[in-house]
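Below is one structure, written out as structure tokens, with a few remarks after it.
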Amino acid sequence: MTVPFVDLQAQYRAIKAEVDEAVRRVLDSSAFILGREVEAFERAFAEYVGARECVGVSNGTAAIQLALQACGVGAGDDVLVPANTFFATAEAVSTAGATPVFVDCDPVTYNIDASKIEAAVTPRTRAVIPVHLYGQPADLGAVFEVAERHGLIVIEDAAQAHGARYKGERVGARGRAGCFSFYPGKNLGAYGEGGAVVTNDAEVARRLRMLRDHGSEQKYRHEIIGYNFRLEGIQGAVLNVKLKYLDGWNAARRAHAARYRELLAPLESAGALTLPRESAGAEHVYHLFVVQTDARDALQRYLSSAGVQTGIHYPVPVHLQPAYAPLEHREGDFPQAESQSRRVLSLPMFAELTGHQIKYVADAVADFHAESSAAAG
Ligand SMILES: Cc1ncc(COP(=O)(O)O)c(C=O)c1O
């Protein structure tokens, strides 16, 4: 048997008729950039998340950059970001003209360790970006508490957490802005690039709309220097079809996670594997199902030879990336993020995963540990 890491074909097959019809509508109307389908999606997604406004943009990285700029963050400002995240979180801070300042991660949730935020705040600090990593909401209560004490803007990076809830509310809507990626493999994925920013602040939304479209509100009148970061019509149409299914897909992911947990529990009890934990009050949507083990690389090779595709999110923490060499970080600066980068392994996770596939993966993980314990004598 082979088990892919994600299976976009399986999802497309299930909703093909609706998606094809939506794409045909865009082709018939030639509304290829922004337009009615994008506006309809923006309304539906704002309502889904529980925010007043949603602004569709070209991808999740652009969403974070524009959110910062629309909130007035830029040159001379520091922005706190977790050391374990996809590179784009920090990259967007840099392309907005500000400087990322890293904060270590919580050993259990993988998210920003809110107890370490305060020590990183200086007079230059303007904002903090909690990332809801792997689909698990960050500890927003603690993050907002420090942010309010120091007057920091909170921008949520919800690129991996569409529909996840923190204390009953969807992530993304509480910060000054919430940023989403619709990269195809995400819980809500487009059929190409896509992203969005949600906000309850009408002025931030107005600036976002200008920034994504050459600094313009009115054709050929440019108020500010902006970008071409618009969402395409076809992506709006596809996303609008898929949004209806998101809660069902997230529920399926949660059920798969529960099954993995049940099957892998004996390995955790034996100390061979660390399984993901859900924090109190947080509803994880399992964009990724991430386990930890000291034998990560050997386990990945073993699973690959058994036909199971896995991923590593992420093998190099952001502060040690070559692009951030000018910040002069070294190994040891953020020990949790560094340890996670050596130990994490993401098992196959997508809504259409079957019970057979989950059992096959869990059995292969158990076989690996049985064989390595036997070899160790
Ligand atoms: C946590 C996080 N932030 C930002 C991004 C950037 O999104 P995009 O790839 O759509 O630019 C991603 C997506 O990969 C992500 O996982």
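We count residues from 1, following the sequence as given. None of these values were measured; they are calculated from a predicted model. Both ligands and their constituent atoms are indexed starting at 1 by order of listing. Values below: all heavy atoms of this structure, side chains included; hydrogens, waters and symmetry mates excluded.
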Problem - Which segment of Thr85 sits under 4.0 Å of ligand 1 when only heavy atoms are counted - result: side chain
Practice task
Can you pull out the closest protein heavy atom to atom 15 (C) of ligand 1? Residue, atom name and distance to 0.1 Å, please.
Solution key: Ala159 CB, 3.5 Å
Exercise for the section: Using the ring pair (Phe, Tyr, Trp, His ring centres under 6.0 Å) rule, take Phe334 and His329 through it: C-alpha gap first, then chi angles, then the decisive distance, then the call. Expected result: CA-CA 9 Å; Phe334 301 104; His329 282 296; 5.4 Å; yes
Exercise for the section: If you have a sec, work out which protein heavy atom is nearest atom 9 (O) of ligand 1 and how many Å separate them, to one decimal? Expected result: Ser181 OG, 4.0 Å
Exercise for the section: Could you tell me whether Glu278 and Arg254 have a side-chain N and a carboxylate O separated by less than 4.0 Å? Expected result: yes
Problem - ring pair (Phe, Tyr, Trp, His ring centres under 6.0 Å), paired with Phe180, selected from His162, His287, His132 - result: His162
Handout entry: Residue Val131 vicinity, atoms of ligand 1 by number, heavy atom under 4.0 Å
Key = 1 (C)
Problem - Any donor-acceptor N/O pair, Asp77 side chain to Ala127 backbone, under 3.5 Å - result: no
Completion exercise
For Thr89, the atoms of ligand 1 under 4.0 Å from one of its heavy atoms are 3 (N)
Completion exercise
Taking only non-hydrogen atoms of Phe86 and a 4.0 Å limit, the atoms of ligand 1 in range are 2 (C), 5 (C), 12 (C), 13 (C), 14 (O), 15 (C), 16 (O)
Exercise for the section: Pull out every atom of ligand 1 sitting under 4.0 Å from any heavy atom of Ala88, numbered as shown with elements. Expected result: 4 (C), 5 (C), 6 (C)
Practice task
Report yes or no: does Lys242 contribute a side-chain atom to a donor-acceptor pair with the main-chain N or O of Ala190 at less than 3.5 Å?
Solution key: no
Practice task
Report the part of Asp157 in contact with ligand 1, treating N, CA, C, O as backbone and CB onward as side chain, heavy atoms under 4.0 Å; options are side chain, backbone, both, neither.
Solution key: side chain
Practice task
Could you say whether the N/O atoms of Gly60 and ligand 1 ever approach to under 3.5 Å?
Solution key: yes
Exercise for the section: For the pair Asp78 (side chain) and Arg124 (backbone), establish whether a donor and an acceptor sit closer than 3.5 Å, ignoring hydrogens and angles. Expected result: no
Exercise for the section: Would you tell me whether Ser346 and Tyr134 have side-chain atoms, one donor and one acceptor, within less than 3.5 Å of each other? Expected result: no
Handout entry: Thr61 and ligand 1 - part of the residue with a heavy-atom distance under 4.0 Å
Key = both
Fill in the blank from the handout: Residue, atom and distance of the protein heavy atom nearest atom 16 (O) of ligand 1 read Gln160 NE2, 2.8 Å
Practice task
Consider only side-chain N and O atoms of Tyr302 and Glu371, and report whether a donor and an acceptor are under 3.5 Å apart.
Solution key: yes
Handout entry: Min heavy-atom dist Lys186 to ligand 1 below 4.0 Å
Key = yes
Exercise for the section: Can you sort out which atoms of ligand 1 are near Asn59, meaning under 4.0 Å from one of its heavy atoms? Expected result: 10 (O), 11 (O)
